[in-house]
*Asks:* 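Dumping the structure here so I can ask a few things about it.
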Amino acid sequence: MSESYLIPACSLMVEEEIKHSRFISLLFHCESEQALKCALTNAKSEYPGANHYCYAFIAADPDNTVAMGASDDGEPAGSAGRPMLATLQGAKIGEIAAIVVRYFGGTKLGVGGLVRAYSSGIKQGLVQLETQIKLLRYPGQLLCDYHQLKDVEHYLAQCEALITDKQFSDNVSIKFEIPKAHQEQLQLELATLSKGQLKANFSQP
């Protein structure tokens, strides 16, 4: 699995009319199936009375084949959700979802026409979509003295680590998350700071 991948930096909407049917394609960041369900509820509220609310999502890195799903929402099997998901997978973007809202215009498109229609807006949106890089971070922990705290926090920031918890007692216990690529650098910085006394412990997935 890659240690970093692209994710959407914003949401996007593409609207088309295809043979009198109105297709509204919504692309957005999605970290979980629950987030997809919330977005689906919002879409049904924002675009009421549509005939179909089809969706596809990848709620993890782009190569994850478990944290994903799709729905045809009443369209012929395989004509909406699956081609939408295939389009998202082809973009190699993680944590992404698409909802396509369809207002039926009276003309049947056939399965092939539906596949093209449900993919069309997503393909256009992916070209325009702004992305950002997500670094995978792994849990770490260390103990330091109070006078070392400022330097330790500085080194953690340099190594793109995120502090998740600090406990103060006789010394300072710091929990953080850090990209694997920066773990060795952090250990070197801590060793230099403390003449070899400070050491971080890392948890691997």
*Asks:* Is a side-chain N or O of Thr131 found less than 3.5 angstrom from the main chain of Ile7, in a donor-acceptor match?
*Replies:* no
*Asks:* Test your reading of the model: is there a side-chain donor-acceptor pair from Asp72 to the backbone of Gly74, 3.5 Å cut-off?
*Replies:* no
*Asks:* Quickly, which of Arg116, Lys123, Gln124 forms a side chain to side chain donor-acceptor pair (under 3.5 Å) with Ser120? Name it, please.
*Replies:* Gln124
*Asks:* Quick check for you: to the nearest 0.5 Å, what is the distance between Ile174 atom CD1 and Leu143 atom CG?
*Replies:* 8.5 Å
*Asks:* Evaluate salt bridge (Lys or Arg N to Asp or Glu O under 4.0 Å) for Arg102 paired with Glu75, printing each intermediate quantity in order.
*Replies:* CA-CA 10 Å; Arg102 182 191 185 190; Glu75 293 282 29; 2.8 Å; yes
*Asks:* Same hydrophobic cluster for Val14 and Tyr118, using side-chain heavy-atom links shorter than 4.5 Å among ILVMFWY?
*Replies:* no
*Asks:* CD1 of Ile58 to NZ of Lys92: how many Å apart, nearest 0.5 Å?
*Replies:* 9.0 Å
*Asks:* Answer yes if Val66 and Leu85 sit in the same cluster of Ile, Leu, Val, Met, Phe, Trp and Tyr residues linked by side chain heavy atoms under 4.5 Å apart, and no otherwise.
*Replies:* no
*Asks:* Is it the case that the side chain of Glu16 and the backbone of Gly121 share a donor-acceptor pair, with hydrogens and angles ignored and the cut-off at 3.5 Å?
*Replies:* yes
*Asks:* Looking only at side-chain N and O atoms, does Gln158 offer a donor or acceptor that is under 3.5 Å from a partner on Gln185?
*Replies:* no
*Asks:* With a 4.5 Å heavy-atom cut-off, do Phe202 and Gln187 have their side chains touching?
*Replies:* yes
*Asks:* Would the number of heavy atoms belonging to other residues, nucleotides or ligands and lying under 6.0 Å from CD of Glu130 be above 12?
*Replies:* no
*Asks:* Working note: Asn171 + Ser169, criterion side-chain contact (heavy atoms from CB on, under 4.5 Å); need CA distance, chi angles, decisive distance, verdict.
*Replies:* CA-CA 5 Å; Asn171 47 28; Ser169 55; 4.0 Å; yes
*Asks:* For salt bridge (Lys or Arg N to Asp or Glu O under 4.0 Å), just list the numbers for Arg137 and Glu3, CA-CA rounded to whole Å, side-chain angles, deciding distance to a tenth of an Å, and then say yes or no.
*Replies:* CA-CA 8 Å; Arg137 291 180 170 88; Glu3 294 301 315; over 6 Å; no
*Asks:* At their closest point, which heavy atom of Ala60 faces which heavy atom of Ala67, and how far apart are they?
*Replies:* CB-CB, 3.9 Å
*Asks:* How close do Ala200 and Leu186 get, heavy atom to heavy atom, and via which atoms?
*Replies:* CB-CD2, 4.4 Å
*Asks:* Would you say the side-chain atoms of Gln183 and Tyr138 include a donor-acceptor pair closer than 3.5 Å?
*Replies:* no
*Asks:* Examine distances only and state if a side-chain atom of Thr87 and a backbone atom of Ser119 form a donor-acceptor pair shorter than 3.5 Å.
*Replies:* no
*Asks:* Looking just at side-chain N and O atoms, do Gln148 and Ser194 make a donor-acceptor pair shorter than 3.5 Å?
*Replies:* no
*Asks:* Does this structure show an ion pair linking Lys134 with Glu31, if we count only N-O contacts that are shorter than 4.0 Å?
*Replies:* yes
*Asks:* For a quick test of reading the model, state the closest non-hydrogen atom pair linking Tyr103 to Pro48 and the distance between them.
*Replies:* OH-O, 2.9 Å
*Asks:* How close do Ser173 and Gln141 get, counting heavy atoms only, and between which atoms?
*Replies:* OG-NE2, 3.6 Å
*Asks:* Could you see if Phe57 belongs to whatever hydrophobic cluster contains Val101? Use Ile, Leu, Val, Met, Phe, Trp, Tyr and a side-chain cutoff under 4.5 Å.
*Replies:* yes
*Asks:* If you link ILVMFWY side chains whenever their heavy atoms are less than 4.5 Å apart, which other residues fall into the same cluster as Leu135? By chain and number, please.
*Replies:* none
*Asks:* Could you tell me whether a side-chain N or O of Asp145 sits under 3.5 Å from a main-chain N or O of His147, the two making a donor and an acceptor?
*Replies:* no
*Asks:* Tell me the closest heavy-atom pair linking Cys159 and Pro179, and the distance in Å.
*Replies:* O-CD, 3.7 Å
*Asks:* What about Ile122 and Ile18, same hydrophobic cluster or not, with Ile/Leu/Val/Met/Phe/Trp/Tyr joined at side-chain heavy-atom distances under 4.5 Å?
*Replies:* yes
*Asks:* Other residues, nucleotides and ligands only: do more than 12 of their heavy atoms fall within 6.0 Å of CZ on Arg82?
*Replies:* no
*Asks:* For atom CG of Asp170, decide whether the heavy atoms of other residues, nucleotides or ligands shown that lie under 6.0 angstrom number more than 12.
*Replies:* no
*Asks:* What I'd like to find out is whether the side chain of Leu142 reaches to under 4.5 Å of the side chain of Val152, using heavy atoms alone.
*Replies:* yes
*Asks:* Checking side chain to side chain contact (heavy atoms under 4.5 Å, CB included) against Tyr53, which of Asp73, Ile24, Val100, Leu26 comes through?
*Replies:* Asp73
*Asks:* Working note: Lys19 + Leu109, criterion side-chain contact (heavy atoms from CB on, under 4.5 Å); need CA distance, chi angles, decisive distance, verdict.
*Replies:* CA-CA 8 Å; Lys19 291 189 177 177; Leu109 302 180; 3.5 Å; yes
*Asks:* May I ask you to test the Leu12-Gln128 pair for a side-chain heavy-atom distance under 4.5 Å?
*Replies:* yes
*Asks:* Does Lys37 have any side-chain contact (heavy atoms from CB on, under 4.5 Å) partners at least two apart in sequence or in another chain, and if so, which?
*Replies:* Glu33, Gln34
*Asks:* Return the CD1 to CG distance between Ile96 and Leu27, rounded to the nearest 0.5 Å.
*Replies:* 5.0 Å
*Asks:* The test is side-chain contact (heavy atoms from CB on, under 4.5 Å); show your working for Ile133 and Tyr5 and say whether it passes.
*Replies:* CA-CA 6 Å; Ile133 293 174; Tyr5 54 87; over 6 Å; no
*Asks:* Under a 4.5 Å cut-off applied to non-hydrogen side-chain atoms, are Met84 and Cys54 in contact?
*Replies:* yes
*Asks:* Taking all non-hydrogen atoms of both residues, which atom of Ala91 and which atom of Leu126 are closest, and how far apart?
*Replies:* CB-CD1, 3.8 Å
*Asks:* Say you draw a straight line from OH of Tyr55 to SG of Cys30; how long is it, rounded to the nearest 0.5 Å?
*Replies:* 10.5 Å
*Asks:* Can Leu188 be reached from Phe176 by stepping across I, L, V, M, F, W or Y side chains whose heavy atoms are under 4.5 Å apart?
*Replies:* no
*Asks:* What's the spacing between Cys144 SG and Gln197 CD if we round to 0.5 Å?
*Replies:* 12.0 Å
*Asks:* Hey, what do you get for NE2 (His182) to NZ (Lys180), rounding to the nearest 0.5 Å?
*Replies:* 13.5 Å
*Asks:* Other residues, nucleotides and ligands only: do more than 12 of their heavy atoms fall within 6.0 Å of CD on Glu17?
*Replies:* yes
*Asks:* Check the pair Tyr47, Asn42 against side-chain contact (heavy atoms from CB on, under 4.5 Å), reporting the backbone distance first and the verdict last.
*Replies:* CA-CA 8 Å; Tyr47 303 100; Asn42 292 339; over 6 Å; no
